[in-house]
Amino acid sequence: MDHLMFIQTGMGTDVHGQDVTKASIRAIKNAIHTNSMPGIRSVLPEESLDNMKINVKLAVPCDLDKLDFNQVKDAIPYGEVNIEVMEGGMLTTSGIVLEDKQDKNDLMYIVNAAVEVGY
């Protein structure tokens with residue numbers, strides 16, 4: 001990315017089910033769903049949202065090998081998406097195991113996201 005224009009941050013949690021992908025998608029949506037970039041198209045090459053470059057950085061507490069990159073990329077509606085994953089985030093107790101929610105234990109997964117937008 002030659003021109004970084006916006007950085008949005010978010011946090012996502014999977015309280016039950018210990019699904020790192022679900023927590024990651026929630027973190028991305030938290031980052032992007034409270035922002036609007038009405039002028040972005042006018043500065044993009046060919047004024048096309050397809051020419052946006054998106055770098056997503058995820059701080060994930062565990063199960064990095066279980067992250068579904070395709071589902072994570074699908075959380076970004078436009079542009080060329082690059083995903084970078086690093087150790088981080090948090091594991092903490094939910095206080096209860098709910099087998100009907102596919103809990104394997106009482107841990108909730110918390111993921112942090114930084115979404116960089118530019119071209």
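- Smallest separation of non-hydrogen atoms from V20 and C62: CG2-O, 3.7 Å.
- Contact record, E116 with M1: O-CE, 3.8 Å, taken as the closest heavy-atom pair.
- In the hydrophobic cluster analysis, where Ile, Leu, Val, Met, Phe, Trp and Tyr join through side-chain heavy atoms closer than 4.5 angstrom, M37 is grouped apart from I7.
- Side-chain atoms of D14 never come within 3.5 Å of backbone atoms of A23 as a donor-acceptor pair (strictly under, hydrogens ignored).
- The minimum heavy-atom distance between A31 and G10, with the atom names listed, is CB-N, 3.7 Å.
- Between the side chain of D19 and the main chain of K22, a donor-acceptor pair closer than 3.5 Å is present.
- Taking 4.5 Å as the limit, some side-chain heavy atom of V115 sits within range of a side-chain heavy atom of Q8.
- Salt-bridge formation is not detected for the pair R41/E47: no Lys NZ or Arg NE/NH1/NH2 atom is positioned less than 4.0 Å from an Asp or Glu carboxylate oxygen.
- Counting non-hydrogen atoms of other residues, nucleotides and ligands closer than 6.0 Å to CE of M90 gives a total of 12 or fewer.
- Side-chain contact between M11 and I110 is present, with heavy atoms from C-beta onward closer than 4.5 Å.
- In the hydrophobic clustering of this structure, V111 groups with I32; members are Ile, Leu, Val, Met, Phe, Trp, Tyr whose side-chain heavy atoms approach within less than 4.5 Å, directly or through other members.
- From N30, atom CG reaches atom CD1 of I25 across 13.5 Å, with rounding to the nearest 0.5 Å.
- Side chains of I40 and Y119 form no contact here, defined as non-hydrogen atoms less than 4.5 Å apart.
- Within the model, atoms CG of D50 and CG of L44 stand 9.5 Å from one another, a figure rounded to the nearest 0.5 Å.
- Under the 4.5 Å side-chain heavy-atom criterion for grouping Ile, Leu, Val, Met, Phe, Trp and Tyr, Y109 is connected to L64 within one hydrophobic cluster.
- Shortest non-hydrogen contact noted between P61 and G89 is CB-C, 4.2 Å.
- Of the possible polar contacts, none joining the E46 side chain to the N51 backbone as a donor-acceptor pair under 3.5 Å is found.
- Contact between K73 and I83 at its shortest, heavy atoms only, is CG-CG1, 3.9 Å.
- The same ILVMFWY cluster, assembled from side-chain heavy atoms under 4.5 Å apart, contains both L67 and L107.
- When atom types are taken as modelled, the side chain of Q18 and the backbone of N105 share a donor-acceptor pair closer than 3.5 angstrom.
- Atom CG of L98 and atom CG of D103 lie 5.5 Å apart (nearest 0.5 Å).
- When side chains are defined from C-beta on, E84 does not count as touching N55, because their heavy atoms never get closer than 4.5 Å.
- Without hydrogens or angle criteria, K104 side chain to G17 main chain gives a donor-acceptor distance under 3.5 Å.
- With contacts defined as side-chain heavy-atom distances shorter than 4.5 Å, the pair H16/D100 does not qualify.
- Looking at every heavy atom in both residues, T21 comes nearest to D68 through OG1-N, 2.9 Å.
- No continuous path of ILVMFWY side-chain contacts below 4.5 Å connects V60 to V15, so the two sit in separate hydrophobic clusters.
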